[in-house]
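Presented below is the structure to which this report refers.
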There are 2 protein chains.
Amino acid sequence: MDNAARVTTLAGEPCDMSNWDAGNCPVRDVMNQIAGKWSTLILELLAQRPYRFGELRRLVPDISQRMLTQTLRDLQRDGYIDRQVFPTKPPSVEYSMTELGHSLFEPLSKVLAWAGDNHAAVKAARVKFDASELG
Amino acid sequence: MDNAARVTTLAGEPCDMSNWDAGNCPVRDVMNQIAGKWSTLILELLAQRPYRFGELRRLVPDISQRMLTQTLRDLQRDGYIDRQVFPTKPPSVEYSMTELGHSLFEPLSKVLAWAGDNHAAVKAARVKFDASELG
DNA sequence: AGTGCTAGTCTCTTTTTGAGACCAACAACC
DNA sequence: GGTTGTTGGTCTCAAAAAGAGACTAGCACT
């Protein structure tokens, strides 16, 4: 009943906000996975080439095995990466990016590039904000 | 000492992974804010036009006031949005997107558009994954 | 016989998030 | 002049998520 209850997103898709749950709004449903603390990092690595579990763990030193397992499974569930088990001894598991994953990573890499280019500006904004908080 | 300890990101910036903490790696430092559950939603709204606190709360029905306050303060701290207090009675607060915010939103909106375009494919992948889990 | 590698899982603790009450100042209504 | 509503928050407590680290099984190498 709010006259602003219906809003058009920049994606061009109307998004009924009075009925906004995670499964209904594409932005929330898709982004809630990508937005995980480790997801973009893993996607960035797998966009280059396939990696094995242990490699990823070593490349991202401060992720726990538990969260690496979970992040990989979530990304696999959404169709961004593939999991392939090789019957070596001990068995090894290789993760690789799917076509869907690559198509997501194309726009996503632009955001990552922005982050690299504007990291200094963001850090400067933080310093300024924190200084004004003290006064 | 790992021969893969140094990796080049697609952003073109070398990222020393043996020294990878949140403050050192631009991707992690910047993305960890954007990746919040509510951040992209708020950015999407503020990219259209300025909004007041109460408007945002009504537009995103299932965010708690606590998280809206925190998300807005985090986005403001990183320099993406501006907070302006008007001395009306009761005082009103308007949030608007800064230039930095708009420059971030340009690539980010592409990802959001991808989410809208590929929501069906992601949901299909989930159904397939969940089905194969049961078997 | 002992050590190490694989890709995880299980448990416990700490951090983050969510739900909801509470706040002060003023305006409008009755 | 007392009640109600509106503003943009904060505070507390419960629930959910994340981090730390021990533990597993099967096999290879020494």
Side-chain angles (χ1 to χ4, degrees), chain A residues 1-4 20-23 28 31-42 45-46 50-77 81-96 129 132-133, chain B residues 1-4 20-23 28 31-42 45-46 50-77 81-96 129 132-133:
Chain A
M1 306 318 152
D2 200 324
N3 59 354
W20 237 14
D21 55 75
R28 292 180 64 173
M31 290 305 290
N32 276 357
Q33 282 309 321
I34 303 170
K37 183 173 179 182
W38 306 105
S39 303
T40 49
L41 229 42
I42 301 298
L45 288 169
L46 292 180
Y51 280 103
R52 288 176 48 191
F53 186 88
E55 290 180 299
L56 292 172
R57 185 162 50 84
R58 279 185 294 274
L59 285 170
V60 187
D62 53 351
I63 192 175
S64 62
Q65 275 187 285
R66 189 182 155 281
M67 284 314 292
L68 180 55
T69 300
Q70 196 173 90
T71 301
L72 287 169
R73 197 163 29 221
D74 288 347
L75 292 176
Q76 185 196 357
R77 190 171 103 99
I81 65 178
D82 248 355
R83 176 179 186 273
Q84 199 171 0
V85 182
F86 294 100
T88 56
K89 304 148 210 161
S92 60
V93 179
E94 187 180 271
Y95 293 91
S96 58
F129 180 89
S132 71
E133 285 294 280
Chain B
M1 323 348 150
D2 198 325
N3 59 354
W20 237 16
D21 54 74
R28 291 179 64 173
M31 291 304 290
N32 275 358
Q33 281 309 320
I34 302 169
K37 184 174 179 182
W38 306 106
S39 302
T40 48
L41 229 41
I42 300 298
L45 288 169
L46 292 180
Y51 280 103
R52 288 177 48 191
F53 184 89
E55 289 180 301
L56 292 172
R57 184 162 50 85
R58 279 186 293 273
L59 285 170
V60 187
D62 53 352
I63 193 175
S64 62
Q65 272 187 285
R66 188 181 155 283
M67 285 313 293
L68 181 54
T69 301
Q70 196 173 90
T71 302
L72 287 169
R73 198 165 27 223
D74 288 348
L75 293 176
Q76 185 197 356
R77 191 172 103 97
I81 65 178
D82 247 355
R83 177 179 185 271
Q84 199 171 0
V85 183
F86 294 99
T88 55
K89 303 148 208 160
S92 60
V93 179
E94 189 181 271
Y95 292 91
S96 58
F129 180 89
S132 70
E133 286 293 279

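Computed from a predicted structure; not experimentally measured. A note on names: the letters A, B, ... follow the listed sequences, proteins ahead of strands, and every chain is numbered from 1.
- Protein chain B touches strand DNA chain D; the 5'-most and 3'-most nucleotides with an atom under 4.0 angstrom of its non-hydrogen atoms are D:dT6 to D:dT12.
- Counting heavy atoms from C-beta on, the side chains of A:L72 and A:L68 come closer than 4.5 Å.
- Minimum heavy-atom separation, A:N32 to B:K37: OD1-O, 3.8 Å.
- Taking the side-chain contact (heavy atoms from CB on, under 4.5 Å) definition, one finds that A:Q65 meets it with A:F53, A:R57, sequence neighbours left out.
- For B:R83, the side-chain contact (heavy atoms from CB on, under 4.5 Å) criterion is met by B:Q76, B:V85, B:V93, B:Y95, not counting sequence neighbours.
- Judged as a salt bridge (charged side-chain N to carboxylate O under 4.0 Å, His left out), and not counting sequence neighbours, B:E94 has no contacts.
- If you walk DNA chain C from 5' to 3' and mark each nucleotide with an atom closer than 4.0 Å to a heavy atom of chain B, the marks span C:dT17 to C:dC26.
- For the pair A:W38 and A:D62, the minimum side-chain heavy-atom distance is below 4.5 Å.
- B:Y95 comes within contact range of the sugar-phosphate backbone alone, with a heavy-atom separation under 4.0 Å but no base atom that close.
- For the atom pair CD1 (A:I42) and CD1 (A:I63), the distance works out to 5.0 Å, reported to the nearest 0.5 Å.
- Considering only residues two or more places apart in sequence or on other chains, B:E55 meets the side-chain contact (heavy atoms from CB on, under 4.5 Å) condition with B:R49, B:Y51, B:R52, B:R58.
- Within residues 63-72 of chain B, the residues that place at least one heavy atom under 4.0 Å from DNA chain C are, in residue-number order, B:R66, B:M67, B:Q70.
- Contacts of B:S92 classified as side chain to side chain donor-acceptor pair (under 3.5 Å), with partners at least two apart in sequence or in another chain: B:T88.
- Looking at A:T69 and A:R66, their side chains never come closer than 4.5 Å, going by heavy atoms from C-beta outward.
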